[in-house]
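Shown next, in structure tokens, is the structure this report addresses.
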Amino acid sequence: MARTAPSETWGNSTVRTACPLDCPDACTLDVTVERGRIQKIDGGDDNPVTRNFICAKVRRFAERVYGEDRVLYPAVRKDGKGQGTFVRVTWDEALDLIAERMAAIKAQYGGEAILPFYYGGSNGLLTQNTNDAELWRRFGTSRLATTVCAAPTGAANLALYGKMAGVVYQDYPQARLIVLWGVNPSASGIHLVPYIKEAQAAGATLVVIDPRTTSLAKKADLHLPIRPGTDLPVALALHRVMFEEGHADRAFLERHTRGADRLRAAASPWTIERAAAEAGIDPAALRRFADLYVRTAPALVRCGWGLERNRNGGSAAAAVLALPAVGGKFGVRGGGFSMSNSLAFGLKSEQWLDTPEPATRLVNMNHLGRALTEYSDPPVKMLFVYNCNPLATMPDQNRVLAGLKRDDLFTVAFEQVFTDTTRYADVVLPATTFLEHYDIAKSYGPISLQLVRPVIEPRGEARTNAHVFSALAQRLEVGTEEEDIDTLLRITSRMPSVGAELMERGVATPPHDGAPIQFVDVFPLTADRKVNLFPEEIAGDAPAGLYGYQTDPATDQFPLALISPASEKTISSTLGELRERAAVLHIHPQDAAARSIAQSDAVRVFNQLGELHCPANLTPDVRPGTVAFSKGVWRKNTYNGSTSNALVPDSLSDLGAGACFNDARVQVALLGRH
Ligand code: SF4
């Protein structure tokens, strides 16, 4: 079905839509448009969770839509890779060129020499795992393991609970104890913050576990600034207290779990003193945390994604998620755990994909640099990038860069704006933003499913993912071209019960009124409906065994832990083009003084993989021995064109093969006086 022409009144209105970006909240949005141009982006006031406020990031999203970095036309590379100079071509010319290259590469090297590369840049249900997946599957390209985020926590949650839905934001005020573990909602998932404040005002105790003194840590009753990568021993110490000191809920363990004895054995060596020493915190503070947890109900643990980004990340997530089962914290509103609610509607892309996944080569996206520079059977000859800016976001940045510079690599970047990655592309295709296309926003904090509507016509010649991948499929004779509205109708027709409502009302009614109580309304989705506290099927994957601790990778040469947490400026790397000032390295004054570094001095942050030059920000808000540099920074925002990812190894977490961003160990030296 073709999109109908704009009516006379199109262009002056306030359009109800939703934010599908990679953020837990999925805000309802009201976008004011005048003469076809966005004037204001604001919150839609009838969403019970996101209410009428949105983050400052999306409030300025129109600057991306209309900014000078916007990709408006298809273009092909003019000069050398990295120059970022392009010549405009037509869509037909661009798609013909890509299709010809794909066919030629497949004929010479096989389909696996083509690597699709994508992540959550646009993050709605239509922008990936729809027509793109049909194309890649039918053409027999390499497959991508999308493991850069949420893979270890996802693996743990799947193995222990079958991804049972968690406690939603609205129920936080019911909790008497809230533990924020490796998560900073002030930077991402901002709608949780008012609920935490409401809980505190009602007398709840707040514990924050984070190497940084975040704004919520400053307001917490207890802050444990643990060394990065030591969440596992801290969680196991709590288990030990519960098992050995008579606080484990025997009746619950008997009825609803299996594997408790093996978890108990794994926790047994981790006394409070030993875990505190490993985590670099006061044992009295850890004891206080344990006492609070065993004595308080309802007690709620918010398991974030900060704790997964290291060698122990999967076991750490499993140990944290196991706490409410051992402690008997389920069965009451405001008690249990909260993590991702992305499966609360039971929607999986296999429901709308017609082509089964082939057994082609599976490439872990964290190994992109390796894949581009080392893989030979077959070599990667085409990289097709969409919803993603891998040169800014993937580990081992220098190796990714070396791969992108290869003259014999044909790179397509299908993007909204010119990014670090597009500079190395052979073909750049203009992509629509979520304000220019239909999509479906599925939240993973609250439980909601909303229709994303276009509020303006696509700028320039931008096209939707659904349209472009189907057009390519048609050229390659493995599919039929369709517009995004047709893809939307097809997909919603395969969403039992919610699809029709979504199309009719723009929003689907969530199960359990959007606020299930764990072990009252929802139960584990494991095969036997029990919590698997020691899942054998994943235990063998972990190098040190499940719940086995791998020690800190720091050396005398590189003693500082470099972490890269989410910032209040970008959504991962999205909107990085709007950042003007240099990004800073946050360093504790003690660590700075030991290196004769003063406020705003230029510093060199380095290890065996690379170096990063930037200004220093001296702050006691990061623990001594740890330095922090924001996630998602683009190369233009440092002095030498490298970001923290140039220092991040491409090693993998114990479970889920996730990225180990927080395992970077570095040295810092003065580069120049401010
Ligand atoms: S990024 Fe998050 S907080 Fe911001 S508008 Fe989107 S859903 Fe809301």
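For the numbers below, each heavy atom of this structure counts, side chains included, while hydrogens, waters and symmetry mates do not. Whatever order the structure lists them in is the order used to number ligands and atoms, beginning at 1.
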*Please report which non-hydrogen protein atom sits nearest to atom 4 (Fe) of ligand 1, along with the residue it belongs to and the distance in Å to one decimal place.*
Cys55 SG, 2.3 Å

*Nearest-neighbour protein heavy atom for atom 6 (Fe) of ligand 1, which is reported as residue plus atom name and distance*: Cys19 SG, 2.4 Å

*Which of the atoms of ligand 1 are close to Cys23, meaning less than 4.0 Å from one of its heavy atoms?*
1 (S), 2 (Fe), 3 (S), 7 (S)

*asked:* At less than 4.0 angstrom from any non-hydrogen atom of Val58, what atoms of ligand 1 do you find?
replied: 1 (S), 4 (Fe), 5 (S), 6 (Fe)

_2.8 Å cut-off met by an N, O or S atom of Cys27 to atom 4 (Fe) of ligand 1_ = no

_Using 0.5 Å steps for rounding, measure from the OH atom of Tyr424 to the CG atom of Leu391._
6.5 Å

_Under 6.0 Å between ring centres: does that hold for Phe117 and Tyr386?_
no

*Under 3.5 Å side-chain donor-acceptor pair for Asn387 and Asn465*: yes

*Salt-bridged, Arg453 to Asp439, with N to O below 4.0 Å?*
no

*Should the pair Arg490-Glu482 be classified as a salt bridge under the 4.0 Å nitrogen-to-oxygen rule?*
yes

_Taking 4.0 Å as the limit for heavy-atom contacts, which would you say applies to Ala26 with ligand 1: side chain only, backbone only, both, or neither?_
backbone

